[in-house]
There are 2 protein chains.
Amino acid sequence: MRISELARTAGLSLPTVKYYLRLGLLPAGRAVSATESRYGDQHLRRLRLIRALRDVVGLPIDRVAAVLSAIDEPSDTAYDTLGRAVGALSTSSPGQPGDEGPAAGEFPLARTAIDALGWTYDPEYPAVGQLQAALAAAADVGVPMEPDRLATMGEHVLAMAEFDLSRMPPEPDAAIEYAVLGTALHEPVLLALRRLAHQHLAARS
Amino acid sequence: MRISELARTAGLSLPTVKYYLRLGLLPAGRAVSATESRYGDQHLRRLRLIRALRDVVGLPIDRVAAVLSAIDEPSDTAYDTLGRAVGALSTSSPGQPGDEGPAAGEFPLARTAIDALGWTYDPEYPAVGQLQAALAAAADVGVPMEPDRLATMGEHVLAMAEFDLSRMPPEPDAAIEYAVLGTALHEPVLLALRRLAHQHLAARS
DNA sequence: AGTGGCTGGATAGCGATACTATCCAACATA
DNA sequence: TATGTTGGATAGTATCGCTATCCAGCCACT
């Protein structure tokens, strides 16, 4: 498959595919001469992944690149790889001018919430910062997360997470990719379902 | 409160506040002379809301404007207002060149999923399109939503939605705002909790 | 009455993001 | 040999979300 066919099949313009190649999001094809390379199914899948992360999950290109490189080059430990990859998904950390915050203990709302749920509090994890920001914003604007609402949400989220974990493939490499893609691509599903559930309940009342 | 104090209190630059005024996101202050207006708490709250919708929920400015105007100018029926406001939150519908799709029956995956859950299928509702896109993307990329995963998610999401509904204020006006803000601002909380739950479970295994 | 600073209003510019367009010489294919 | 595509490079474009500048009016203070 030549590059123009790849682009056409993926529904992208040829310059766009070249752009992704240039950025390293898409690995180069198998060079067949100085002016021709061949691309395969893996490239097509890669393009679909890129577009899904961009269009459906809403990640900016550089975040997509970080996710892909985390998947491609596993770290020493699986835990570390996963942290790196999921960290790259963080949607809300442009960060203050300073640095990415090793300013631990700066997440009082998140800490309180996590303690109330009896979960593990680790300020290094980006989701803690996200939780803090989300809780603060909700409270600021007049729709705070009351303890019982938080408890309800926590209970159901934990149940869903247990399901996810039970489905994780046993092989470490596959598990990483599964975890990252599942984290990212099931989020829009979850949000859409929540809105539909609201709609469903509102309509029948 | 003058505009410069408003900007300082809200943590925004003065040109930014002027920009929001210009776009109509922030209502004009009470004019006190040709060159001075006064702003109150409502303006401060509005600015916080704008920033929360932008920074935490991640909406582009024009979507923020649509949400605010839906809240500000209720339609004839509350149902309609709510639909308009929540529709404005849709994160993934730049739409094809054609039009916004009255192409009903175009959401097979969503339809199957909603039928399996026994919920109400209404293709007019934007969340249906989102669900379709999300399911298609997940399947495309190799992490499909299997029926039992969908059933699990649906069950828990429905339980959370029931809690939300039980907490809705009785007065119609307040209910609209509550519903819109709750929909928007609790989403980031939900996502952060999901990631934390994964983290919590992964850490203890 | 004079001076400095802030105001509403308008317009222009800027930096980042995500492409898109153009050009080129080296080939491939017919 | 004619036509077309390729990899590679560079420059241009559109949009977004501000940001900067300018202006004349006006207020508060001296």
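Lettering of chains follows the sequences in order, A, B, ..., and the numbering in each one begins at 1.
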Is B/L21 touching bases, backbone alone, or none of the nucleic acid, heavy atoms closer than 4.0 Å? nothing
Distance below 4.0 Å between A/S13 side-chain N/O and C/dC19 OP1 or OP2: no
Residue pairs meeting salt bridge (Lys or Arg N to Asp or Glu O under 4.0 Å), one or both in residues 5-28 of chain B, sequence neighbours left out, come to none
Would you say B/R51 places a side-chain N or O within less than 4.0 Å of OP1 or OP2 belonging to D/dC18? yes
Estimated bend of the helix from C/dA1-D/dT30 to C/dA30-D/dT1 (axis per five terminal pairs, rounded to 10 degrees): 10°
Does A/I114 offer a backbone N or O that forms a donor-acceptor pair with the side chain of B/H200 under 3.5 Å? no
Under 4.0 Å between a side-chain nitrogen and a carboxylate oxygen: does that hold for A/R194 and B/D164? yes
Return the polar atom pairs (N/O with N/O) between nucleotides 21-28 of chain C and the protein under 3.5 Å, or none.
none

Can any side-chain N or O of B/H198 pair as donor or acceptor with the backbone N or O of B/R195 at less than 3.5 Å? no
What is the distance, to the nearest angstrom, from the OH atom on B/Y19 to the P atom on D/dC16? 9 Å
Is B/Y39 near enough to C/dG8 that one of its side-chain N or O atoms lies under 4.0 angstrom from OP1 or OP2? yes
With no hydrogens and no angle check, is any side-chain donor or acceptor of A/R46 less than 3.5 Å from a backbone partner on A/L25? yes
Phosphate-side-chain proximity, B/T16 and D/dG17, N/O vs OP1/OP2 below 4.0 Å: no
Does A/Y20 place a side-chain N or O at less than 4.0 Å from the phosphate oxygens OP1/OP2 of C/dC19? yes
